[in-house]
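Only one structure is covered here, and it is reproduced in the block below.
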Amino acid sequence: MEEHRKSDTNENQDTDKKEFRFLNETIKNPDGKKQLRRRILFLLIAMAAGAVGAFLFTLLKPAAQRLISGDGKERVNIATVADSSAVSVSSVLSDSTAASISPAEQKSGDGEKNAAGSEGAAGAEGSGTEEETDLDKYRLVRREINNIVVNCEKSVVSVTGIRSEMDYFNNTYENSSSASGVIIADHDSEYYILTEANATTDAEQIRVVFFNGVELDAENIRSDAATGFAVIRVQKTGDLSASSLPAAATLGNSFGLARGDTVVALGDPSGYGSSYSIGAITSNTNIVSLTDRNYHILTTDIKGSEDGSGVLMNLDGKIVGIIDQSLGSDDSSIVKAIGVSELEDLMQKLSNNEARPYVGISGENVTDVISRKTGIPRGVMVSGVAQDSPAMLAGIKQQDIITKLNGKDITTVNEYTTFIEACTLGSTLHVTAQRKGAAGYEEVTFDVTVGEC
């Protein structure tokens, strides 16, 4: 038993010694500095090999491309074209300023170019491309249009009405509104200008700026509430030199316009003064119903502005439309106008300070087809009644169907307008209409005192 205890004691001592030897063992790390040096060397070798490879690739690439293409020619990488036929910025700028050159100078310059190029014309025949010829034609067309615009702009002016207003703190300040205008008459020593009434109504001072920069005072003659147009008058003074006198516009026939006809918007069509845009008539059959009259809307594909104003010119240099962005729908992104032929009577009366007969009705035609389909009596349906107008005071309401004026049958708005134009201011107009009730349409009559617009 003692021997067994001694044996256990010896085994425990051996285990302690082994455990003691294990705890005193040390693990040596490899040499870190040598490994770092080897890694850096390997990296440098890789970088050198990559540089050599890139150099060889760049050097051999052209030869490889020629070998693959088989034509033995090096590819051309075009960055810019700088030959004589290229369109340069200077040539574009010279086109845009062509209007400042007189026609005689242009012809002279063209003659010099033709003379200089005639020597090599025979040898160079057929070398020009069709694109170059078309481009020359396009430049010529744009130059001709620009010349027409410059001449027509002598009739276009800028009108500014200045008003004194008061803020909440009783401080007085000036408020102004502007619009384009067109000289419609040059009578004796006065210019007569058609413009928008919102720029002149209640203005304490009206300033007109002509194409040559001369600024003069104007006086308001008369405005038309139905269309929103007004005519103002400017006295000629010594500020207008004989060499650069404004000119009255030549008015064209707007009834002859057709879809696709080219027109130019002058004045302030896109919200920027002294600008013009070229486009085409897209529609001339849509009708807008204004007070006591209907007008055809000339719509274009020219980009417009809500506050745009000005005129439409045809390629003959004649004014064919007066821009009015309030017409028709709320879409103000395109330029819209009323033809000058429909405004002829209005311009005549406003220039002579003559009032137009005024009843205050906007109407639409009820045709035979509409009457058969809907049962509405044929005539002029009242689509709107102006506030405080003679029609409203007489009791006429929307949806009434006007069938007679002073006993004469009325079936269209044109007939209604013609009858109203012939009325005397202050006269009594007997209106017969149909009004829908519980039992259907019944006849109603009104006595309207014709006012003035």
Side-chain angles (χ1 to χ4, degrees), residues 134 137-153 155-156 180 182 184 194 196 226-229 249-272 275-290 293-347 362-370 383 412-415 417-418:
D134 290 342
K137 291 179 180 179
Y138 175 75
R139 287 174 176 168
L140 180 61
V141 170
R142 291 303 295 254
R143 184 177 300 169
E144 290 297 324
I145 293 177
N146 194 65
N147 290 337
I148 297 173
V149 168
V150 169
N151 185 61
C152 191
E153 281 182 329
S155 306
V156 180
S180 295
V182 58
I184 57 175
L194 180 71
E196 293 186 358
T227 59
F229 292 130
T250 302
L251 304 181
N253 180 14
S254 61
F255 291 132
L257 289 174
R259 289 188 303 172
D261 285 351
T262 300
V263 290
V264 181
L266 300 176
D268 187 13
S270 58
Y272 297 95
S275 62
Y276 76 87
S277 301
I278 304 173
I281 298 292
T282 58
S283 174
N284 60 353
T285 58
N286 293 318
I287 295 176
V288 58
S289 179
L290 301 180
R293 293 155 187 88
N294 283 357
Y295 293 95
H296 289 85
I297 304 175
L298 301 176
T299 60
T300 71
D301 58 1
I302 301 173
K303 181 176 176 57
S305 168
E306 180 180 357
D307 300 324
S309 60
V311 296
L312 289 183
M313 179 197 77
N314 62 17
L315 294 185
D316 293 326
K318 298 179 181 179
I319 303 301
V320 293
I322 306 299
I323 295 175
D324 187 350
Q325 294 298 81
S326 66
L327 297 174
S329 64
D330 295 332
D331 184 9
S332 59
S333 61
I334 58 174
V335 169
K336 296 167 287 187
I338 297 178
V340 293
S341 298
E342 294 188 87
L343 296 174
E344 182 179 358
D345 181 71
L346 171 66
M347 291 187 289
S362 301
E364 298 178 3
N365 297 333
V366 180
T367 63
D368 286 336
V369 175
I370 296 176
S383 58
T412 66
V413 176
N414 286 337
E415 292 177 353
T417 299
T418 301

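- With values rounded to the nearest 0.5 angstrom, T417 atom OG1 is found 6.5 Å from R293 atom CZ.
- Atom OG in S305 sits 7.5 Å away from atom CG in D268 (nearest 0.5 Å).
- Between the side chain of S277 and the backbone N or O of A265 there is no donor-acceptor pair closer than 3.5 Å.
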Margin query: M313 vs V149, test: side-chain contact (heavy atoms from CB on, under 4.5 Å). Steps then yes/no.
Written below: CA-CA 8 Å; M313 179 197 77; V149 168; 3.9 Å; yes

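- Contact detail for S383 and E364: the closest heavy-atom pair is CB-OE2, 4.0 Å.
- The distance from the NZ atom of K336 to the CG atom of D324 is 8.5 Å, given to the nearest 0.5 Å.
- Taking the side chain to side chain contact (heavy atoms under 4.5 Å, CB included) definition, one finds that D301 meets it with A280, T282, sequence neighbours left out.
- A donor-acceptor pair under 3.5 Å is formed between the side chain of Q325 and the backbone N or O of I334.
- Put simply, OG on S270 and CG on D307 are 11.0 Å apart, with the number rounded to the nearest 0.5 Å.
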Check: Stepwise, does the side-chain contact (heavy atoms from CB on, under 4.5 Å) test hold for M347 with F229?
Finding: CA-CA 9 Å; M347 291 187 289; F229 292 130; over 6 Å; no

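- When all heavy atoms of S283 and N286 are compared, the pair lying nearest together is OG-ND2, 3.2 Å.
- A heavy-atom distance below 4.5 Å is not found between the side chains of I297 and I338.
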Next item on the list: Please step through side-chain contact (heavy atoms from CB on, under 4.5 Å) for the pair Y295 and L327, ending with a clear verdict.
Entry: CA-CA 10 Å; Y295 293 95; L327 297 174; over 6 Å; no

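- Using a 3.5 Å distance cut-off with no hydrogens or angles, the side chains of S289 and N294 do pair a donor with an acceptor.
- Side-chain atoms of L312 and V335, non-hydrogen and from C-beta on, do get closer than 4.5 Å to each other.
- One N or O on the side chain of S254 and one on the backbone of S341 form a donor-acceptor pair closer than 3.5 Å.
- Note that the CG atom of L298 and the CG atom of D261 stand 10.5 Å from one another [nearest 0.5 Å].
- T227 has its side chain within reach of L346: a pair of non-hydrogen atoms, C-beta onward, lies under 4.5 Å apart.
- In this structure, CD1 in I323 is found 7.0 Å from CD1 in I302, a value given to the nearest 0.5 Å.
- A 4.5 Å side-chain heavy-atom check between T299 and I281 finds every atom pair outside the cut-off.
- N284 and A258 get closest at one heavy-atom pair: ND2-CA, 3.9 Å.
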Checklist line | Verdict with supporting geometry, V311 and V156, side-chain contact (heavy atoms from CB on, under 4.5 Å) | finding: CA-CA 8 Å; V311 296; V156 180; 4.2 Å; yes

